[in-house]
Every structure is written in C-alpha cells, then in structure tokens.
Amino acid sequence: MTSDSPAPRPRRPGRPPSPAAAHAAATGPSPAQLLSQLRARSGTDPVTHVERVPARTGKAAPWPSWVPVELQAACTRQGVTAPWQHQAEAADLAHTGNHVVVATGTASGKSLAYQLPALSTLLTDPRATVLYLAPTKALAVDQLRAITELELDGVRPACYDGDTPRAEREWIRQHARFVLTNPDMLHHGILPGHAQWARFLRRLAYVVVDECHSYRGVFGSQVAHVLRRLRRQCTRVGRTPVFVLASATSGDPAATAQRLTGLPVAAVTADTSPRGGVTFALWEPPTLPTPTASPDDTDLAPVRRSALRETADLLADAVAAGVRTLAFVRSRRGAEAVAANARRALDEAVSGLGAQVAAYRAGYLREERRELERSLLSGELRGLASTNALEFGVDLVGLDAVLICGYPGTRASLWQQAGRAGRSGQEALAVLVARDDPLDSYLVHHPEAVFGTPVEATVLDPTNPYVLGPQLACAAAEAPLTPADLDLFGEGAKEAVEALVEAGALRQRPTGWYWRHRERPQVELRGGDGAPICVVETATGRLLGTVDGGSSHFLLHPGAVYLHQGVSYVVDTLDLADGCALVHPEEPDWSTHARDVTSLSVVAVRSYVDAGPVGLFLGEVDVTSQVVSYQRRRIATGEVIDTRPLDLPARELRTVAVWFTLSPESLTAGGVDPADVPGALHAAEHAAIGLLPLTATCDRWDIGGLSTATHPDTGAPTVFVYDGHRGGAGFAERAYATAATWLRATRDVVAECGCESGCPSCVQSPKCGNGNNPLSKADAIRVLDIVLANLPSGAVRGQPGILP
Ligand SMILES: [Zn+2]
Ligand SMILES: [Zn+2]
C-alpha cells in the first residue's frame with residue numbers, strides 16, 4: 001500500500017543563478033523587452049506560450065441620485081470623479097434592499113460599490129450603523145484608512161480586532177458607526193458579547209463581506225455559520241441588514257455568496273474599470289543536463305530546474321533591470337528560498353543590491369509585514385517574494401512585473417496574482433513559472449486551460465458536520481436555539497443538534513435547546529487541525545512566527561531546518577502540548593524532508609457508479625497518518641545523507657474521499673502484469689492528485705491519496721483521493737462529480753510527458769510517503785485507459801450509497 005498525505009512541500013536544490021543581468025540598464029524596460037531579456041539568458045527557450053491580455057477602457061456611470069452631495073464631493077477629492085458602471089449597479093441594488101455580490105478583477109474598485117450605499121445611509125440616517133468584515137486585520141486597517149481619508153462628519157469609523165486596546169473597545173461599542181473587523185473577532189468577541197453590542201446591532205443597516213472568495217474550504221464553511229449567527233442576533237433585536245459582498249472574479253459568485261450567507265444574493269460581474277495590457281508568458285524551466293540525484297531517491301527521471309531557482313533568477317534579473325517585481329510563491333519556505341537566492345545573486349553582481357529584495361508571508365509578525373509593505377510602497381524595496389498573503393494585504397500599485405512560481409491552484413488565484421501587475425493603466429508583464437509537477441506541465445502545454453477557460457467557483461460546504469455541530473454549540477451558548485434556528489443553519493442542523501443533546505452539550509427544554517456548560521465552546525475558525533505552533537528562538541525567547549498545527553509535524557519536527565527571512569534555524573524541540581517549537585540559528589548544508597505512513601478505512605459510501613469492471617465511489621473514510629522519520633539531503637546535490645526516526649503521535653482524520661476500483665481481470669486484459677499493479681495504481685494516484693486542482697478549487701497540498709493492489713474494504717485494486725480536512729472541504733465531491741474530465745486530463749498529462757519512465761512532471765510526487773516507489777508510468781496510462789473506457793463521460797450521476 002502506498003500513500004500520499006497532504007503535507008508541506010520540501011525545498012528543492014537547484015544550480016546557482018546567473019548574475020549577468022544585474023548589469024542591465026537601470027531604467028525599466030517594457031514588458032516585451034523584459035521578457036526577451038529573461039528568455040535570452042536560457043539556452044533553450046523556456047517560454048511555451050505568450051498571451052496578450054489587451055488593455056480595456058473604462059465605462060463610467062453617473063452618481064446614483066441618492067448619493068449625498070458631500071459623499072460625492074469627498075470621493076472627488078480622492079480622485080474619483082464618477083463611479084464605474086459596475087460600482088453604480090451594485091450600489092443601486094444594495095441601496096434598494098437587495099443582497100448583492102460584486103465579483104470583478106483586482107483593482108476594479110469594489111470598495112466604492114459598498115462604500116456608496118453604506119456611507120450614504122450613515123450620512124442620511126444618523127442612527128444607522130455598518131459592519132465591515134475582512135479576512136485579515138491588515139485589510140481592515142487599510143479600509144479604515146480609506147474611509148477616514150474621506151473626512152465625512154459623523155461616520156465615526158473604527159477597527160475592532162485583537163489589537164484594539166481594551167480602553168477603546170467600550171467607546172467603539174457605544175459610539176462607532178462603521179465598525180471594521182474580521183470573522184475571527186465576530187466569532188470570538190462580538191457575537192458572544194452580543195448584549196454589549198445591542199445598540200449597534202439594533203441599527204445595523206449593512207454588513208459588508210470583503211474578499212469573500214477567501215472564505216473557501218473548511219474556513220469558508222465556518223464563516224458561513226458565523227454569518228448565520230450574526231443574522232440570528234440581528235433578528236433577535238428586530239433588524240435585517242443588507243449584505244454587500246465583494247469577491248475576486250470567480251465562477252457563479254451568486255451561488256457562492258448564497259451558500260456563504262444563506263440569503264438570496266444578486267451578482268454584478270461585468271468589470272467596467274479600465275485596465276492596462278498584460279503580456280502573460282507561460283514558462284517551463286529546462287531539464288538539468290545530468291541529474292546527480294533526483295529529489296525522491298529514484299534515478300530514473302530527468303529533473304527540471306526547480307521553479308524556485310528559476311523564479312529567484314527571474315526576480316534577480318528583473319530587479320537588476322529596475323523593474324519593481326512581485327514573486328508569488330506557494331509555500332512559505334519557498335518564498336524565503338526565492339528571496340534568499342535572488343539576494344545572493346544580486347549581491348554577487350553588485351554588492352548591496354541584494355538589500356532591494358525581501359520575503360513576505362502570513363506567518364510573519366504584524367510589525368514585520370507592515371515594514372515590508374511600507375518599503376515596497378516607498379520604493380526602498382524593488383523585489384518581494386511573497387506567499388499569497390499579499391492577496392489580502394495593502395493595495396500595492398505600480399508593479400511592473402509579477403512572477404508566479406508554480407500554478408497557484410486555481411485560475412481565480414492566478415488572475416488575482418497577475419492582476420497585481422498592470423494597474424494604473426500601465427503595461428506589465430506576468431510570468432507563470434511551471435513547477436515540475438503534472439498539473440503545471442499540463443497547463444504550460446495546454447494554454448487553453450489557462451486562458452480559454454472560465455475561473456472556478458469558490459468551494460465551501462456549510463453542511464460539514466464537523467463545522468455545523470460546533471457552530472450550533474456556539475450559537476446555543478449565545479442564546480438558546482429554537483426550531484426556527486434550525487432552518488437558518490440549514491441542512492443537517494437538526495441531526496447536529498440531536499448529536500449535541502446526546503453528547504450532553506445541549507439540554508432540550510420546551511423553549512429550545514440550551515448550552516449546558518459554564519465555559520463557551522472552544523471553536524477555531526482557521527487551521528482546523530490543532531492550534532498554530534509558535535516558533536521561538538531558544539537563546540533570546542524571540543517569537544519568530546507561527547506554523548499551523550496541521551503542518552507542524554512536517555515542518556517543525558526535532559531536527560527540521562526552518563527558514564525565517566532567509567535565516568536558517570534548526571528545531572531543537574517540538575512541544576505539541578504547549579504549542580511551541582524551540583529553534584536555534586544554524587545553517588547546515590542539508591535540507592530536511594519528513595516522511596509519513598498512512599492507512600485508510602472506508603466508513604460509508606455516499607454515492608457510487610457501477611461501470612462494469614470499474615467502480616467510482618464517494619464516501620466517508622478514516623485516515624490515520626503519522627510522521628515517522630525525516631531525511632537529510634545535501635542542498636547542492638540532493639544526495640540523501642541519512643534517514644532519522646521521529647517519535648510523533650499519529651493523527652486521525654475522518655474525511656471525505658473519492659476512489660475508483662478496477663477488477664483484477666480488467667487489469668490483466670488491459671496489459672498490466674499483476675506484479676506491476678501496485679506501481680501502476682501508485683503512479684495513477686500521483687498524477688490524479690496532481691491534476692485535481694484543474695477541476696476542484698483545491699491545491700495539491702489540500703488533498704492526500706492512497707493506492708493499493710487490494711484494499712480490505714473494497715476487495716479490489718483501488719486508488720483513493722481524500723480531502724486533507726476534517727469532515728471534508730468539498731474537494732473530493734468535486735472530483736467525483738467531474739471524474740471523467742479529471743481523469744482524462746490525468747491520462748493525457750502522463751501520456752504526453754516526454755520522459756521515459758516517469759518524472760515529477762507526470763507521475764512522481766514531491767510529497768510521496770513512499771519515496772516514489774514503486775511507480776510505473778506506462779501501466780498508469782493503461783489503468784487510466786481502462787477507467788475512462790468504462791466510466792460514462794460527462795457529469796457523474798451516482799446512485800445513493802451502499803455499505804462497503
Ligand atoms: Zn514525465
Ligand atoms: Zn506516493
């Protein structure tokens with residue numbers, strides 16, 4: 001049995017970048033010039049496709065007649081002389097009492113769409129209040145600044161978050177009229193203290209939900225119920241506020257907003273703001289001439305130059321050419337590595353030039369993040385390597401180039417990241433640098449899947465019982481639940497309440513369900529699997545940052561190399577009970593790679609398709625995984641130094657999986673030798689995990705897999721792919737519904753890959769728990785051919801579940 005649990009990606013070594021471009025002209029080149037400069041430094045042309053995204057002219061609309069003159073004047077002072085059509089349309093819908101979501105591109109001015117109705121109401125009704133929710137504190141602070149700069153009398157905006165001093169909180173509750181906060185504070189602070197907020201809630205006219213596409217997966221499902229709890233408290237004081245949501249471009253925003261709020265929501269999606277043209281290149285790093293050792297201990301594959309090294313070089317070259325550049329990197333360690341390598345290359349070329357590059361990620365402390373944002377805005381910094389944390393950060397304008405290191409998982413995120421370039425009407429460059437994995441290599445050779453396909457819908461599942469039960473407990477602790485509340489919380493609420501009664505958490509009385517304990521229920525909205533782990537420097541006691549609980553076993557095990565701002569640390573101890581890891585600065589010449597073992601059992605089948613020798617299933621599974629060891633590998637060569645055992649507890653996950661089975665006879669008939677079945681299934685599993693983000697809005701690191709020549713619960717050769725989140729996040733469901741499309745793309749990427757016997761671009765996985773062994777590329781194609789030949793094409797219509 002071979003398994004691949006959702007896990008952080010290990011860092012890959014590459015060859016040192018060329019500093020030649022550091023001597024390039026100090027004046028900024030045009031996007032086309034910059035692209036040809038970047039291309040020229042490579043032996044073989046790494047660009048597989050160039051897409052020209054044309055500039056767009058804006059379509060303005062008159063101010064809606066209900067906007068007070070003083071608000072119009074304030075906007076004009078800020079340089080907004082008239083709204084764009086989509087802003088006016090969304091504002092009008094909200095003003096007339098319709099819940100509305102505006103879903104348009106980066107920098108299309110979504111703020112004005114909610115500011116117009118919200119501020120107009122505050123100016124014309126001196127008692128009204130507005131609640132604004134942002135996914136991050138930084139974004140709320142940003143919005144506070146924007147509102148304050150309008151200098152409107154009597155609006156009294158204020159941020160209310162974990163950083164708000166106690167002394168100010170009482171004033172805000174009693175007097176502020178435009179309160180900016182986040183779902184976490186609403187969940188932990190405002191809703192439990194609703195009695196103190198009664199004045200505010202009784203007058204609540206609008207609830208603004210900004211960047212609502214970020215409420216996806218389990219976090220999105222949690223926030224959906226926090227919003228239902230908010231609606232419940234408003235109803236209790238006789239108020240029904242209008243919801244105005246702002247989203248990045250996404251598929252079917254009305255349906256997503258409806259799932260999120262539980263309300264009917266109208267969508268405004270036509271972006272009428274002006275946009276600069278973007279030259280968008282797809283970039284595939286070249287294969288290295290002589291692989292010394294591949295990252296996963298097999299020596300059968302050619303290895304591509306890592307996307308991280310390639311991105312670091314491109315960043316260094318762009319900064320040296322005077323181009324202000326933002327590089328998006330999927331992992332926090334990756335962002336650190338890109339910044340460190342770009343700095344080194346620049347310093348080798350011109351001493352001190354490296355100081356113009358820094359790293360940025362969500363785990364940094366607030367002060368550090370603010371400082372980096374300030375430096376990039378002021379121009380002290382020219383290059384920033386960032387995790388997607390910036391998607392919600394300061395409104396960064398004036399970027400000339402955006403480098404995207406590895407496909408960010410969804411076209412929606414890709415366009416959000418690319419949208420950081422080419423604002424303010426100037427031309428810009430965007431480059432997607434492919435990682436050595438199946439999805440990225442598929443995309444750089446199928447540009448139609450990037451540019452000719454609509455963006456995905458945001459996936460969330462408020463019926464997840466692991467979310468619904470705890471949220472109902474929170475609601476009951478705020479005020480007893482009534483039968484009417486069960487409708488509000490939707491499908492599954494009745495069963496969840498009964499389970500809470502059974503467990504002794506709620507008591508049923510004639511007037512409703514009552515929370516039985518003195519303490520409030522402990523429910524975390526983010527991370528899900530355990531509280532974040534603090535990373536502390538032993539000698540100084542300094543807090544370096546945090547790592548989410550789910551990743552901590554992989555990233556912070558004793559002996560792990562941990563990077564922070566390009567500085568290397570080694571973990572001394574990981575104390576899971578105290579939620580803290582102690583580290584000391586040390587720069588060894590090896591990297592560390594955690595290994596885990598996983599087992600899986602089927603709990604129940606929700607739905608299945610009987611396709612002759614092939615079966616396709618969706619259901620609940622229990623996954624048990626344990627990080628058992630880690631490898632140390634030389635950074636320069638990838639050579640494995642040793643494997644060291646670890647003593648960490650196993651973790652259990654009840655989640656949702658999609659799986660397919662094949663009869664042994666069909667495999668033999670299809671030309672798969674029985675001895676090769678494990679390698680065939682394992683290779684198909686890797687490629688299928690790699691391609692799932694094509695149809696579900698997850699990324700590879702959100703999902704795990706397991707394959708086996710006979711599974712005790714299915715009695716057949718089986719490949720499982722499961723959600724890495726407790727209770728499931730909707731990804732396996734999506735995979736099941738789109739199985740034919742998903743597995744067809746999987747088959748194509750394996751068959752089209754130019755390698756002989758499997759490489760990271762097709763069937764090898766960077767996070768394989770079994771060291772990519774066994775793997776059979778040719779047999780994986782045979783397996784997928786058998787599945788596709790039997791599975792009905794198009795959307796899956798399964799039959800209701802059976803017991804295994
Ligand atoms: Zn390959
Ligand atoms: Zn594997």
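Counting convention: from 1, in listed order, for ligands and their atoms alike.
For the Zn ion (ligand 2), the nearest N, O or S atom contributed by His682 is named NE2.
Judged as a side-chain hydrogen bond (donor to acceptor under 3.5 Å, both in side chains), the pairs with a partner in residues 775-784 (not counting sequence neighbours) are, in order, Ser776-Asp779, Asp779-Arg782.
The number of protein N, O or S atoms lying under 2.8 Å from the Zn ion (ligand 1) is 4.
Looking only at atom types and distance, the side chain of His445 has a donor-acceptor partner in the side chain of Glu284 under 3.5 Å away.
For the pair Leu616/Tyr608, no side-chain contact is recorded, criterion being any heavy-atom separation below 4.5 Å from C-beta on.
In terms of the side chain to side chain donor-acceptor pair (under 3.5 Å) criterion, residue partners of His49 (sequence neighbours excluded) are, by chain and number, Glu51. In this structure Ser663 satisfies the side-chain contact (heavy atoms from CB on, under 4.5 Å) test together with Pro613, Glu665, Ser666, sequence neighbours excluded.
A donor-acceptor pair is defined here as one N or O able to donate and one able to accept, closer than 3.5 Å; no such pair exists between the side chain of Ser629 and the backbone of Leu646.
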